[in-house]
Novice: 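Got a structure for you, written out below as structure tokens; questions coming shortly.
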Amino acid sequence: GSGVAAIPAEGIRYYKTTIPVETEAWRLWLQDAAGSTTLSKSLYVRKGLVPHPSSASYYDKTRVGQGLLVPTYLIPGSADPYYVAISGTPGEAFQLDSRQQEIVDATYNSTLTGESVSGFLFKTYRIPVPPEQIAWEVTVEPVGGTNPDMAIRQGNVPNAFNNDAISEVSSTSVSDSTTLVPPGLSDGSYYVTVYGSTALSFNIRNREPIITQIDFSSSTVNNDPNRAGWRFFAVSDIGQQLGQLGWLLELSNQVPGSEIAIRRNFVPGRWNYRQNGNTYLNVSSYNDQYSTLGFLQDPEHEADVWYVGIYSPAAALGTFTLDSGTHVPTEITLDGATNTNVQLAPKSWSFYHVDVPAQLNGQDILGWELRTTQW
């Protein structure tokens, strides 16, 4: 820490430091003179050269009050120094706290309750994920204070600007949750950073997600409604799928925009992430088919072990109902029959069943004509 310091006459106070080789992340915290309150004032960081707030070309990073700097911008053991600039009114007193971010080790498939963050508003966990996991779910449940957000990264500490996955649900009553699946998930050390805008308390859980077995023809109500992210189901009875005319999955009472995804022999997945502050929404996806229309049709369904995922990244999943079954075609007769479909939904199929006999009215059937009108 700097101890109590003051802005000099030129209006900027500068600091210089080098990063120890064992550092996993660097925390900077700008406080008032008493060291009790975060100052709502910008600090500027630059590697190898002195920063200046007059232009973004004169600094690498800027944070308000406090920030967590992570690799690859942070290079532990580098000979190049890092400079910090604090701009303000001459004579204004403050303290700058600079130190390595503490890493809390947590075991795989565990829950930590009563966790809290105050003062410096970032807390980082390291979790070893073993090999051959079909999916890994991390959930942060708010308990008190402000809303917690979460970032995940393999091999390096994440922050809100650089991560492999992120969940930032704007609610103090809904749990943030992210699920990684192969090939985006592999074994190794994963880091999870929980952060907020003011003091907060939370529970953090990591586990293989619950996957509920359902029949091919079934109706299932979600029993984990107060969490964002994924809810998974599996259809593994191959015999139930033989001879079906296709697969139809339908949602009711779902959050608008909820996604249905299916994947053969693997858990489906999708997550948001950031690189250098740029957000990539729903780019990382692993599925065979998906739909946000409230239903998913798989006309050429092949019998196998299938996983179904329902996804709501920004709101609680709610008590949706998932109906699974086969397509039921509309029966129409061969000669002269018509069927009116008032409005076919986008990206959807409408199926019909017609029995074609060898003869009709004593005459051999020489052909079959189908027409659509007002298409």
Novice: Indicate whether any N or O donor in one side chain lies under 3.5 Å from an N or O acceptor in the other, for Gln101 and Thr124.
Specialist: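 Yes, because at least one side-chain N or O of Gln101 sits under 3.5 Å from a partner of the opposite role on Thr124.
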Novice: Looking at Asp97 and Arg27, is there a salt bridge between them, counting it only when a charged N and a carboxylate O are closer than 4.0 Å?
Specialist: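 The answer is yes: the pair qualifies as a salt bridge.
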Novice: Is the backbone N or O of Asp176 less than 3.5 Å from a side-chain atom of Ser167, with the two atoms forming a donor-acceptor pair by type?
Specialist: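 No; zero donor-acceptor contacts below 3.5 Å.
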Novice: Under a 3.5 Å cutoff, is there a donor and acceptor pairing between the side chains of Thr326 and Trp247?
Specialist: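 There is no such pair between these side chains.
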Novice: Donor-acceptor pair, Tyr307 side chain versus Ser236 backbone, under 3.5 Å?
Specialist: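 Side chain of Tyr307 to backbone of Ser236: no pair is present.
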Novice: Does the ring center of Trp271 lie less than 6.0 Å from the ring center of Tyr273?
Specialist: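 No, too far apart.
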Novice: Does a donor on one side chain sit under 3.5 Å from an acceptor on the other, for Tyr191 and Gln154?
Specialist: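 Side chains of Tyr191 and Gln154: no pair found under 3.5 Å.
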Novice: Using a 4.5 Å cut-off on heavy atoms from C-beta on, say whether the side chain of Val174 contacts that of Asn226.
Specialist: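 Result yes, sub-4.5 Å side-chain heavy-atom pair found.
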Novice: Starting from Ile103, can I reach Ile127 by hopping between I/L/V/M/F/W/Y residues whose side chains sit under 4.5 Å apart?
Specialist: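 No, because Ile127 and Ile103 fall into different hydrophobic clusters, even though each may have its own neighbours under 4.5 Å.
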Novice: With a 6.0 Å cut-off on the ring centroids, do His301 and Trp306 count as close?
Specialist: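 Yes - the distance between ring centres of His301 and Trp306 falls below the 6.0 Å cut-off.
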Novice: So that I can tick it off, tell me whether Asp304 and Arg264 are bridged by a salt bridge, with the cut-off set at under 4.0 angstrom between side-chain N and carboxylate O.
Specialist: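 Looking at Asp304 together with Arg264, the answer is yes, because their closest N to O distance falls below 4.0 Å.
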Novice: Is there a donor-acceptor pair closer than 3.5 Å between any side-chain N or O of Asn162 and the backbone N or O of Gln275?
Specialist: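 Flag not set: sc Asn162 to bb Gln275 has no pair under 3.5 Å.
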Novice: Does a side-chain N-to-carboxylate-O contact under 4.0 Å join Asp164 and Arg153?
Specialist: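 Answer for the salt bridge query: no.
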Novice: Does Arg270 qualify as a cation-pi partner of Tyr311, given the criterion of NZ or CZ under 6.0 Å from the six-membered ring centre and within 45 degrees of its axis?
Specialist: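 The answer is no, since Arg270 fails at least one limit relative to Tyr311.
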Novice: Using distance only, find each side-chain donor-acceptor pair of residues 84-92 under 3.5 Å and give its atom names and separation, not counting sequence neighbours.
Specialist:
| unit_1 | atom_1 | unit_2 | atom_2 | d |
| --- | --- | --- | --- | --- |
| Glu92 | OE1 | Lys41 | NZ | 3.4 |
| Glu92 | OE1 | Thr89 | N | 3.3 |

Novice: Just by modelled atom types, is the Asp215 backbone N or O under 3.5 Å from a matching donor or acceptor in the Asp237 side chain?
Specialist: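 No, the answer is negative, given that no donor and acceptor are paired below the 3.5 Å cut-off.
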Novice: Checking Tyr44 now: which residues fulfil ring-ring contact (aromatic ring centres under 6.0 Å, His included) with it, not counting sequence neighbours?
Specialist: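 For Tyr44, the residues satisfying ring-ring contact (aromatic ring centres under 6.0 Å, His included) (neighbours in sequence not counted) are Tyr59.
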Novice: Assess the pair Tyr73 and Tyr82: is the distance between their ring centroids shorter than 6.0 Å?
Specialist: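 Yes: the rings meet the under 6.0 Å criterion.
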Novice: Between Glu168 and Arg274, is the closest basic N to carboxylate O distance under 4.0 Å?
Specialist: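 Salt bridge present between Arg274 and Glu168.
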Novice: Strictly below 4.0 Å, N to O, side chains only: are Arg205 and Glu141 in salt-bridge contact?
Specialist: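 Not counted as a salt bridge, because no side-chain N and carboxylate O are separated by less than 4.0 Å.
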Novice: Please check: side-chain N/O of Ser2 versus main-chain N/O of Leu96, any donor-acceptor pairing under 3.5 Å?
Specialist: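 The answer is yes, because a donor-acceptor pair under 3.5 Å joins these two groups.
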Novice: Take atom CD in Glu22; do more than 12 heavy atoms of anything else shown fall under 6.0 Å from it?
Specialist: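 Atom CD in Glu22 is crowded, with more than 12 foreign heavy atoms closer than 6.0 Å.
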Novice: Tell me whether Met150 is reachable from Leu317 by hopping between hydrophobic residues (I, L, V, M, F, W, Y) whose side-chain heavy atoms are closer than 4.5 Å.
Specialist: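 No: no chain of side-chain contacts under 4.5 Å links Leu317 to Met150.
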Novice: Strictly by modelled atom types, are Ser197 and Thr146 linked by a side-chain donor-acceptor pair under 3.5 Å?
Specialist: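 Ser197 vs Thr146: donor-acceptor pair found between side chains.
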Novice: Hydrogens and angles aside, do Thr319 and Asn253 bring a side-chain donor and acceptor to less than 3.5 Å of each other?
Specialist: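 Yes - a donor-acceptor pair under 3.5 Å links their side chains.
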Novice: Is atom CD of Glu300 surrounded by more than 12 heavy atoms (other residues, nucleotides or ligands) closer than 6.0 Å?
Specialist: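 No - once you tally the heavy atoms of other residues, nucleotides and ligands closer than 6.0 Å, there are 12 at most.
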Novice: Side-chain heavy atoms under 4.5 angstrom apart, residues restricted to Ile, Leu, Val, Met, Phe, Trp, Tyr: same cluster for Phe216 and Leu296?
Specialist: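 Yes.
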